[in-house]
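This report refers to the structure that appears directly beneath it.
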Amino acid sequence: MTLQLADKTLNPPVMLAPMAGITDRPFRDLVMRFGAGMVVSEMVASQEMVQAKPGVRERAELSADVENTAVQLAGRESHWMAEAARQVADRGARVIDINMGCPAKKVTNGYSGSALLKTPDHALTLIEAVVAAVDIPVTLKTRLGWDDNLLNAPDVARRAQDAGIRMVTIHGRTRCQFYKGHANWQAIRAVKEAVSIPVIANGDIVNSNAARTALDQSGADGVMVGRGAQGKPWLLAQICHDLYGAPAPVVPANADLIGMVRGHYEAMLAFYGTDLGLRVARKHLGWYMDEAGTPATLRRAVLTSRDTAEVLHLLRDALTSDAEAAA
């Protein structure tokens, strides 16, 4: 199954969700090597990017010109959203995604992210400004609504489509749920019925069975995987295989797993520099060790070491502990 996004074909329609501090270029590149229909950059604040605030330009090293990579922008003022869109389009971006789903207080307190669900008229001015600023497809990611008393995603999606949005992704929770409970995939069906553009289901898609159920319940055209891919960059490729018959990924184990994690670690150090890279890498190494069942003492040693050579050495035992114990 393929999904048509304007002039772009997403095959299969399994996408990596934008996650702040996680879906940076090294992780997106790794996911794409296994296989995915599209990957989305971590959220980039539009005004800060245009004004070149420290750290934002580095975070916006988006592989914007890489096929099937979308750049996600957030903001609350149409001027900055449009200017940021023009900048990333000039750098080769293929798709721009607008963030109307982030539930974090530091974002919603600034009237961005999912707070825009409370002011749909204002949200439409941002959408219209971005669509008018660029010639590439613009997509939207949002939630079911602000809370159970404001479930306005179908209306927002319909108005966004009329304004030129080419695809909408719905996380099956309200903003006020944050990540609690379970995503309501059935509620996404109302959005699908409100628009003719592709609709993507997001939230709690942690394996192929969940992806299949989400599609069945929502009627969506594809799925977007977020936290389920942490420590499992091959997960999207596995879902692509199980649901759409794409080639099965070779899930790394033992020496191959060690090599993959070391490569990811070194890519983060090269991308961020050693000091910041060490901090960013800890979360990813922690997820890999969660999957491997690394003993607590060894896990602590990996995550607290500031010696990159020592970390690379420790990873061998940290990622094969289960296999050695079973031998």
**Request:** Take Thr139 and Asp97, measure what side-chain hydrogen bond (donor to acceptor under 3.5 Å, both in side chains) needs, and give me the verdict at the end.
**Result:** CA-CA 5 Å; Thr139 62; Asp97 186 63; 2.6 Å; yes

**Asked** Would Tyr244 and Asn11 satisfy side-chain hydrogen bond (donor to acceptor under 3.5 Å, both in side chains), going step by step from the backbone distance to the final call?
**Response** CA-CA 9 Å; Tyr244 300 106; Asn11 183 19; over 6 Å; no

**Prompt:** Going through the checks in order, is the side-chain hydrogen bond (donor to acceptor under 3.5 Å, both in side chains) test met by Ser46 and Glu83?
**Reply:** CA-CA 8 Å; Ser46 56; Glu83 185 57 34; over 6 Å; no

**Trace of the side chain to side chain contact (heavy atoms under 4.5 Å, CB included) decision for Trp287 with Ile22** = CA-CA 11 Å; Trp287 292 322; Ile22 299 169; 3.6 Å; yes

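For Thr119 (side chain) and Asp121 (main-chain N/O), no donor-acceptor pair under 3.5 Å exists by modelled atom type. Judged by distance alone, with hydrogens and angles left aside, the side-chain atoms of Arg189 form a donor-acceptor pair with the main-chain N or O of Gln217 at under 3.5 Å. In terms of modelled atom types and a separation under 3.5 Å, the side chain of Ser78 and the main chain of Thr125 share no donor-acceptor contact. The closest donor-acceptor contact from the side chain of Ser112 to the backbone of Thr108 lies at 3.5 Å or more, if one exists at all. Of the possible polar contacts, none joining the Asp148 side chain to the Leu151 backbone as a donor-acceptor pair under 3.5 Å is found. Without hydrogens or angle criteria, Asp317 side chain to Thr320 main chain gives no donor-acceptor distance under 3.5 Å. The main-chain N or O of Glu42 is never found under 3.5 Å from a side-chain atom of Gln72 such that the two would form a donor-acceptor pair.
Between Leu236 and Phe34, the closest side-chain pair of non-hydrogen atoms is not below 4.5 Å. Contact of the Leu126 side chain with the Ile98 side chain is not registered, since no non-hydrogen atoms from C-beta on lie closer than 4.5 Å. Annotation: side chain of Gln161 is in contact with side chain of Ser196 (closest heavy-atom distance under 4.5 Å).
With rounding to the nearest 0.5 angstrom, the CG atom of Leu285 is 11.0 Å from the CG atom of Asp290. To the nearest 0.5 angstrom, Leu303 atom CG is 12.5 Å from Lys283 atom NZ. Here Met43 contributes atom CE and Met19 contributes atom CE; the two are 13.0 Å apart, rounded to the nearest 0.5 Å. Note that CZ of Arg175 and NZ of Lys105 are 7.0 Å apart. Values are rounded to the nearest 0.5 Å. Distance OG1/Thr274 to CZ/Arg306: 9.0 Å, rounded to 0.5 Å. Note that CD1 of Ile197 and CD1 of Ile200 are 10.0 Å apart. Values are rounded to the nearest 0.5 Å.
Taking Gln230 as the reference, nothing meets the side chain to side chain donor-acceptor pair (under 3.5 Å) condition, with sequence neighbours excluded. For Ser208, the side chain to side chain donor-acceptor pair (under 3.5 Å) test picks out Asp242, with sequence neighbours left out.
When the options Met38, Arg28, Met224 are evaluated for a side chain to side chain contact (heavy atoms under 4.5 Å, CB included) with Leu16, the one that passes is Arg28. Between Val95 and the choices Asn68, Leu5, Val138, Ile136, the side chain to side chain contact (heavy atoms under 4.5 Å, CB included) rule is met once, by Leu5.
Taking every heavy atom of both residues into account, Gly37 and Leu10 meet most closely at O-CD2, 3.7 Å. Between Glu48 and Ala45, the closest heavy-atom pair is OE1-CB, 3.1 Å. Nearest heavy-atom pair across Leu140 and Ala160 is CD2-CB, 3.9 Å. The two residues Trp146 and Thr174 have their closest heavy-atom pair at O-CB, 3.6 Å. Ala211 approaches Val223 most closely through the heavy-atom pair O-CG1, 3.9 Å.
There is no side-chain donor-acceptor pair under 3.5 Å between Arg94 and Thr69. Of the N and O atoms on the side chains of Lys141 and Asn202, at least one donor lies less than 3.5 Å from an acceptor on the other residue. A side-chain N or O of Gln4 and one of Thr9 form a donor-acceptor pair less than 3.5 Å apart.
Within the structure, the salt bridge (Lys or Arg N to Asp or Glu O under 4.0 Å) test picks out the following pairs touching residues 200-228 (sequence neighbours left out): Arg173-Asp204, Lys192-Asp221, Asp204-Arg227.
Taking the six-membered ring where the residue is Trp, the centroids of Tyr179 and His171 are separated by under 6.0 Å.
Note on Asp155 versus Arg158: salt bridge recorded, some NZ/NE/NH1/NH2 to OD/OE distance being below 4.0 Å. Ionic pairing of Asp7 and Arg166 is not present here: no N-O contact between side-chain nitrogen and carboxylate oxygen is shorter than 4.0 angstrom.
Taking the six-membered ring where tryptophan is involved, the planes of His284 and His264 are perpendicular, since the angle between them exceeds 60° and thus also 30°.
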